[in-house]
Structure formats: C-alpha cells, structure tokens
Amino acid sequence: MGFRPVSVTNLRVNREPLVQDLTIAVVGATGAVGAEFLRIVETRYPTLPKLKLLASSRSAGKCISVGGNDFSVEEATEKSFDGVDVAFISASSEVSHRLAPAAVAAGAVVIDDGSAFRMEETVPLVVPEVNGADVDWHQGIISIPNCSTTPLVMAAHPLHQVNPIKRIVADTYQSVSGAGGGAMADLREQSERLLNADSNTSKSGDSQIAYNVVPQIDRFLETGYTFEEQKMRQESQKILHAPEIQISATCVRVPVYISHSASVHIEFTRPMPVAETRELLAAMPGITVLDDTESGEYPMPWDVAGEDDVFVGRIRQDMSHPNGLVLWIVSDNLRKGAALNSLQIAEELVARGRLKPKHTSGVTG
C-alpha cells in the first residue's frame, strides 16, 4: 500500500480559537462520542460555535443542552449541510459513505470518526500532534484513526523520530464505550444482575462482558486477526508514514466503561535507554508520563477517564530483546480517541488557513 510522501513535521503557528467562528454539524449527536464532542465544545471555546445537531430519524426532535443553550436534534440527510463549515460524523460506515460526499458537495470539510475512508490514499488520517501537516492535502474528507490506534502512534512518534522503530506488538484492553452507548448499558445491567449470582451458574453469551474479557473486537479475517487488529497495523503505518514497521496486535474488550489501555512492546533499530524514552515522551504534546513504580504510580482507566492526554507508564527495557522497550499506555477513548482529536483537526485546519468560516458565528438552538 502506498502512502503520501508528506513530512510529519508539524507547522506550529498561533492557535487563536477560531473554531468558535465555524458552523459545525455533528452527525451522531446523541451517541457516546457525539455527546463527548459537545461536552468538549462547551468547555474548550469561550463562545460556542454555531452548532447543527444531527442523528437518525428515531432521535430527531430530541432536545440537547450545550453551554446553556437548547438544541433540537434534526434527522441527518444529504440536504443537512447547507452553510456548514465542518461536518463531524460519528456513525456507521454506511452513514458516512452516504452523507460525507453530500457534505463535501455542500462545501463542508468532513471529519469522519469511522473506518469508511481511513485507508483511502486521497484521505488524510490525522492525529494533529503526529502528522498535522497531512491536513494540507485533504480533498474534502479527513479521517481520524481508531481509538486504539491514536494512543499508540502518539507514544511511538517521538521515539521513532530519534530511533527508527522496526516492530511493535500491542495488546489492548479496550473499554465498552468503544462499542457505543448500548454496550455501556449492557455492562451496567449485566453487572447488577450478576452481582450476587454464582459465577458458575451459566456460560457467557454472545454479549457477556460483565465479569468477563472478550478476545475479539470486530469481525475475524482470514489471517486469524480481527478487523480491529488489522486497523491498528494499517492505520499506524499510515499516520507514522512508516509502512516498513511490522505491527501485530491483539485487541480485547474488558469490563471497563471508559478508557482504553495497551501493553506495547517496541523493537528499535538500536537500544533505547529508559531515561531518554521518558524525556522524549514527556516533551511530546498531548502525552503525560506517569511512571514511578516505587510510589505505585502508573496510569489506569479509572483515573484517565475525562482527561485529554495520553498517559504512559511502566516504561522498561524488554528483557527478551536488546533493542526492545515496553510501555503501558492508557487514554480516554471518547476524548483523544475520538471527539477531541476531531476538534483538534478542525483547529489545525483553521491554523493552516485550510478552513475559513462561511458566515459569522452565532449559537442557534
């Protein structure tokens, strides 16, 4: 697979909060990621952008409050994007394929949260701290990576710049919110039902997640890997502009509401000192190093939920390889893994002059 030969060096410019001047359509506004997107918007910008909240027909008419303003959810159709500057889509691939071209035709830039366009060569796949410059060559659609890919490339990027990575093995422990609000409700209901039950009274069903871990996320492929695991490999190579890096992943769903974790083994071209690794990661925008094993300090999903940064701890030499390093990475999958990353892409577009508001902003309900 070929990748666009674009430098990963980011343009660093003054970031005025001009996103608040945009008209933003949110497709999937009633979903878990859409709700997080709106929470971030109301706390990130002093003045709300002009918002247009869209969802399926069954959610049309619902009222959502954002920053003290009430918004009525409209049904998302191909005609929903007149006057829209940015369309954030967090829905199924079928919805993205249907609505994204219509939004682009109406003059909007689409920032898509799903897998519909990620591996298309004409579509940038962006984590702004890693490859923000890639927004410059968009043709109307920009994808954000899978929520398990983002923290991996955030941690790998500063290390790869000084010591090229040859191989990554990542084992993920992914929260149920990655599967949507319905999966979060399942965990809650199953936990309450089983709290006082004998764990041996029944075998796990197809959707049993309470008191369980499931070593499958998405469908299985002929390789024996799942589509989620394939996405981690392909997306990481594209974002890092490094198709030569060999990547293997095992993705597991765990009974945690929010935040994905990963145990990551990295093989470098030469030995990578732990002290240098900590310094490089601490200097990386969007990363917090929490790594003091003597004090029992390391990132955990419960503590990281609601945080914007990617947290890295348990940094150590890999005893099985002289050029190896092991990291423990945790991040809020709804924020940096999805909603926050999309807003940062919009900020990157504005900062680079690739996105200007069509109209004067104003909050509408």
Side-chain angles (χ1 to χ4, degrees), residues 36 40 43 127-130 145 147-178 213 232 236 239-240 245 247 249-338 340-341 344:
E36 194 67 32
I40 296 171
T43 58
V127 176
E129 297 92 335
V130 177
C147 47
S148 58
T149 299
T150 299
L152 177 63
V153 298
M154 287 276 290
H157 172 68
L159 309 180
H160 182 61
Q161 296 299 102
V162 301
N163 190 350
I165 293 172
K166 299 177 67 175
R167 182 170 181 255
I168 296 174
V169 177
D171 299 315
T172 70
Y173 307 80
Q174 297 180 215
S175 66
V176 295
S177 56
V213 295
M232 283 194 72
S236 298
I239 295 165
L240 294 170
I245 297 178
I247 300 173
T250 299
C251 296
V252 180
R253 188 73 72 195
V254 297
V256 170
Y257 284 110
I258 297 173
S259 298
H260 290 354
S261 306
S263 175
V264 179
H265 295 244
I266 305 177
E267 178 188 341
F268 296 91
T269 301
R270 60 182 184 277
M272 191 72 188
V274 169
E276 181 183 2
T277 300
R278 289 196 184 101
E279 291 177 3
L280 290 167
L281 290 170
M284 174 69 179
I287 282 185
T288 293
V289 174
L290 186 62
D291 187 29
D292 186 351
T293 54
E294 290 186 3
S295 301
E297 292 188 351
Y298 37 74
M300 292 181 287
W302 180 270
D303 301 318
V304 167
E307 298 289 339
D308 289 342
D309 277 6
V310 171
F311 286 73
V312 184
R314 297 216 55 203
I315 304 167
R316 60 199 188 276
Q317 299 292 156
D318 188 336
M319 295 180 66
S320 70
H321 199 288
N323 297 349
L325 201 69
V326 187
L327 311 174
W328 174 250
I329 305 172
V330 186
S331 70
D332 185 322
N333 55 293
L334 298 179
R335 294 182 75 86
K336 184 55 184 172
L340 175 63
N341 198 66
Q344 290 175 314

When you measure from the side chain of Ser177 to the backbone of Tyr257, do you find a donor-acceptor pair of N or O atoms at a distance under 3.5 Å? yes
For the atom pair CD1 (Ile329) and OG (Ser261), what is the distance rounded to the nearest 0.5 Å? 10.0 Å
State, yes or no, whether a side-chain contact exists between Pro145 and Val153 at a heavy-atom distance under 4.5 Å. no
Using the rule given for side-chain contact (heavy atoms from CB on, under 4.5 Å), can you reason through Asp332 versus Ile258, listing the C-alpha separation, both sets of side-chain angles and the distance that settles it, and then say yes or no? CA-CA 6 Å; Asp332 185 322; Ile258 297 173; 3.5 Å; yes
Over all heavy atoms of both residues, which pair between Val256 and Pro301 is shortest? Give the atoms and the distance, please. CG1-CB, 3.8 Å
Criterion side-chain contact (heavy atoms from CB on, under 4.5 Å) on Tyr173 and Ser263, from CA distance to verdict: CA-CA 8 Å; Tyr173 307 80; Ser263 175; 4.3 Å; yes
Is any side-chain heavy atom of Phe268 closer than 4.5 Å to one of Ile165? yes
Apply the salt bridge (charged side-chain N to carboxylate O under 4.0 Å, His left out) test between Asp291 and each candidate in Arg314, Arg316, Arg278; give the one that qualifies. Arg278
Spell out, as yes or no, whether a donor-acceptor pair under 3.5 Å connects the side chain of Asp309 to the backbone of Phe311. no
Mind listing the closest non-hydrogen atom pair of His260 and Ser148 along with its distance? CD2-N, 4.2 Å
Min side-chain heavy-atom separation Leu325-Gln317 under 4.5 Å: yes
Run the numbers on Ile315 and Val289 for side-chain contact (heavy atoms from CB on, under 4.5 Å), then give the verdict. CA-CA 9 Å; Ile315 304 167; Val289 174; 4.2 Å; yes
Apply side-chain hydrogen bond (donor to acceptor under 3.5 Å, both in side chains) to the pair Thr172 and Gln174, showing each step before the final yes or no. CA-CA 6 Å; Thr172 70; Gln174 297 180 215; 2.7 Å; yes
I'd like to know if the side chain of Asn323 and the backbone of Thr269 have a donor-acceptor N/O pair within less than 3.5 Å. yes
Mind listing the closest non-hydrogen atom pair of Thr150 and Lys336 along with its distance? CG2-O, 3.7 Å
Is the closest basic N to carboxylate O distance between Glu307 and Arg335 below 4.0 Å? no
Do Met232 and Cys251 come within less than 4.5 Å of each other through their side chains, counting heavy atoms only? yes
Say whether, by atom type as modelled, one donor and one acceptor occur between the side chain of Arg253 and the main chain of Ser175 under 3.5 angstrom. yes
Val127 and side-chain contact (heavy atoms from CB on, under 4.5 Å): which partner among Leu152, Leu240, Asn341? Asn341
Where is the tightest heavy-atom contact between Val330 and Met300, given as atom of each residue plus distance? CG1-C, 4.0 Å
Closest approach of Pro151 and Val310, non-hydrogen atoms and distance? CB-CG1, 3.8 Å
Looking only at heavy atoms, which two atoms of Leu281 and Pro158 are closest? And how far apart? CD2-CG, 4.0 Å
SG of Cys147 to CG of Leu334: how many Å apart, nearest 0.5 Å? 8.0 Å
So does Arg167 have more than 12 non-hydrogen atoms from other groups sitting under 6.0 Å from CZ? no
Nearest-0.5 Å distance that lies between atom CD1 in Ile266 and atom CG in Asp318: 10.0 Å
Report yes if some heavy atom in the side chain of His321 is under 4.5 Å from a heavy atom in the side chain of His265; otherwise report no. no
pair Thr277-Leu159: side-chain heavy atoms closer than 4.5 Å: yes
Please step through side-chain contact (heavy atoms from CB on, under 4.5 Å) for the pair His160 and Ile245, ending with a clear verdict. CA-CA 10 Å; His160 182 61; Ile245 297 178; 3.9 Å; yes
What I'd like to find out is whether the side chain of Met154 reaches to under 4.5 Å of the side chain of Glu129, using heavy atoms alone. yes
